[in-house]
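Have a look at the structure below, then the notes.
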Protein chains: 2
Amino acid sequence: MTRLTRKETHAQTRERLLETATRVFLADGYNATSVEKVAAEAGFSKGAVYSNFATKHELGLAVLDRVRLERAGSLAAAVSGAADLESRVAAFGAWAEENIGDVGWTTLEVEFATSTRRVPGVRTDLAARRRALTAAVADLVEQQAAELGVTLRQSAEDLAVQLLSLGIGLGVQRAFDPELPVRSLVDLLRGAL
Amino acid sequence: MTRLTRKETHAQTRERLLETATRVFLADGYNATSVEKVAAEAGFSKGAVYSNFATKHELGLAVLDRVRLERAGSLAAAVSGAADLESRVAAFGAWAEENIGDVGWTTLEVEFATSTRRVPGVRTDLAARRRALTAAVADLVEQQAAELGVTLRQSAEDLAVQLLSLGIGLGVQRAFDPELPVRSLVDLLRGAL
DNA sequence: GTCTATAAATCGATAGAC
DNA sequence: GTCTATCGATTTATAGAC
């Protein structure tokens with residue numbers, strides 16, 4: 001064990017800032033959170049943030065990447081834990097109930113996207129990420145269908161678009177009306193099998 | 001023709017402010033538009049705005065009501081103009097292509113909702129409006145189904161939630177990736193008949 | 001690399017004149 | 001009722017010390 005190089009402490013600071021930003025953005029929203037608050041909660045000053053991220057937007061994008069990766073893992077784990085088709089669908093429903101809307105994930109994605117859609121660089125980034133995410137969901141759907149031996153009534157790509165869009169729409173509405181059930185997501189999935 | 005009473009000029013100013021705010025909010029977004037810009041574009045000063053609306057949030061809610069009413073009328077007109085089932089579905093598809101996402105409507109609704117979801121008064125307002133809108137869509141669906149003699153495969157209420165959620169999700173994504181087609185909305189509708 | 005200090009700009013909202 | 005002027009608070013981002 002040698003002492004950390006400059007590069008390593010830099011990466012460590014960046015990681016801690018990302019962790020904190022993720023937590024605060026999810027709790028309070030993107031617009032309502034100042035860069036200063038993120039820095040303070042992480043035990044740094046604003047300068048440290050701007051030493052690791054060029055702009056607040058860049059920090060926001062990095063946070064979104066982080067959350068998306070984590071949730072994708074949690075979904076994959078939840079789904080693949082179940083054996084047969086019916087329990088996989090049920091597992092998906094349970095995951096959706098916990099992850100769509102009220103935890104702030106959807107809301108953060110959407111607030112960021114709508115608030116920064118005029119910023120030239122960010123906009124193209126968001127578009128690229130959307131396509132990657134859709135493709136990933138389509139792959140997951142296809143793989144699951146093959147594994148379980150079911151044939152889809154539409155292309156995996158179309159189903160992925162529908163699932164993602166419906167999830168976004170439900171999540172947005174649940175952000176200010178948590179009583180709205182996510183049942184329709186499971187309905188959509190069942191109807192497609 | 002007598003000269004306008006104080007009440008009438010007040011209402012006139014309010015109307016002009018609403019018109020202008022609608023246009024600017026749709027074009028530039030809610031957060032990016034200052035109260036001062038709305039006032040200036042309408043030919044007034046900020047004071048006139050705050051004489052007609054208590055806060056910027058209240059102005060935002062009034063704008064949303066206005067737009068929603070107008071779009072609801074345009075949808076009803078588009079749908080009822082067609083005679084048989086197939087052409088009504090097609091009319092709906094054409095309306096969706098023009099109204100979901102790229103015109104800024106969905107984006108404005110969603111940006112406002114996600115940015116103000118922590119504001120106590122606004123939040124309950126949004127929830128009430130969501131329920132009213134869902135009920136209105138459910139009514140429209142039910143009425144159309146009865147008129148055309150088709151039976152739905154699920155409750156009109158559930159279908160309304162799905163249509164609205166899918167529309168919101170597609171609209172949000174189209175805001176930064178306009179190439180995403182709205183086809184799935186029509187697919188969903190067809191599948192429910 | 002990080003911190004302190006501050007720039008530079010903007011915003012929502014209010015007070016008082018007219 | 002509307003306008004002018006301004007408050008007061010906050011923001012992102014930067015410059016220079018350490």
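Note on naming: letters A, B, ... go to the chains in the order of the sequence lines (proteins, then strands), and numbering restarts at 1 for each one.
The phosphate of C/dT2 (OP1 or OP2) has a side-chain N or O of A/Asn52 nearer than 4.0 angstrom. The shortest distance between the side-chain N/O atoms of A/Thr13 and the OP1/OP2 oxygens of C/dT2 is below 4.0 Å.
Here A/Ser34 lies in heavy-atom contact (under 4.0 Å) with sugar-phosphate atoms only.
In this structure, the nucleotide among D/dA13, D/dT4, D/dT2 sitting nearest to the side chain of B/Ser45 is D/dT4.
Here the P atom of nucleotide D/dT14 and the CD atom of A/Glu36 are 16 Å apart, to the nearest Å. In this structure, the CD atom of B/Gln12 is 13 Å from the C1' atom of D/dG1, given to the nearest Å. Per the geometry, CD belonging to B/Glu58 stands 14 Å off C1' belonging to C/dG12, to the nearest Å. Between the P atom of C/dA9 and the NZ atom of A/Lys56 lies a distance of 20 Å, rounded to the nearest Å. We find that OH of B/Tyr50 is positioned 13 Å from C1' of D/dC7, with the value rounded to whole Å. The CG atom of B/Asp28 sits 16 Å away from the C1' atom of C/dT10 (whole-angstrom rounding). Taking atom CZ of residue B/Phe44 and atom P of nucleotide C/dA13, one finds them 20 Å apart after rounding to whole Å. Across the protein-nucleic acid pair, A/Asn31 atom CG and C/dC11 atom C1' stand 13 Å apart, rounded to whole Å.
Remark: A/Lys56 is positioned above the aromatic ring of A/Tyr30, its terminal NZ or CZ atom under 6.0 angstrom from the ring centre and at most 45 degrees off the axis.
Ion pairing of B/Arg130 with B/Glu109 is absent here, as no side-chain N (NZ or NE/NH1/NH2) approaches a carboxylate O to less than 4.0 Å. The pair B/Arg16-B/Glu41 does not count as a salt bridge, with every side-chain nitrogen at least 4.0 angstrom from each carboxylate oxygen. Classification of B/Arg131 and A/Asp177 as a salt-bridged pair holds, one side-chain N sitting under 4.0 Å from a carboxylate O.
Sequence order on DNA chain D of the closest nucleotides to B/Arg14 and A/Tyr30 puts B/Arg14 first from the 5' end.
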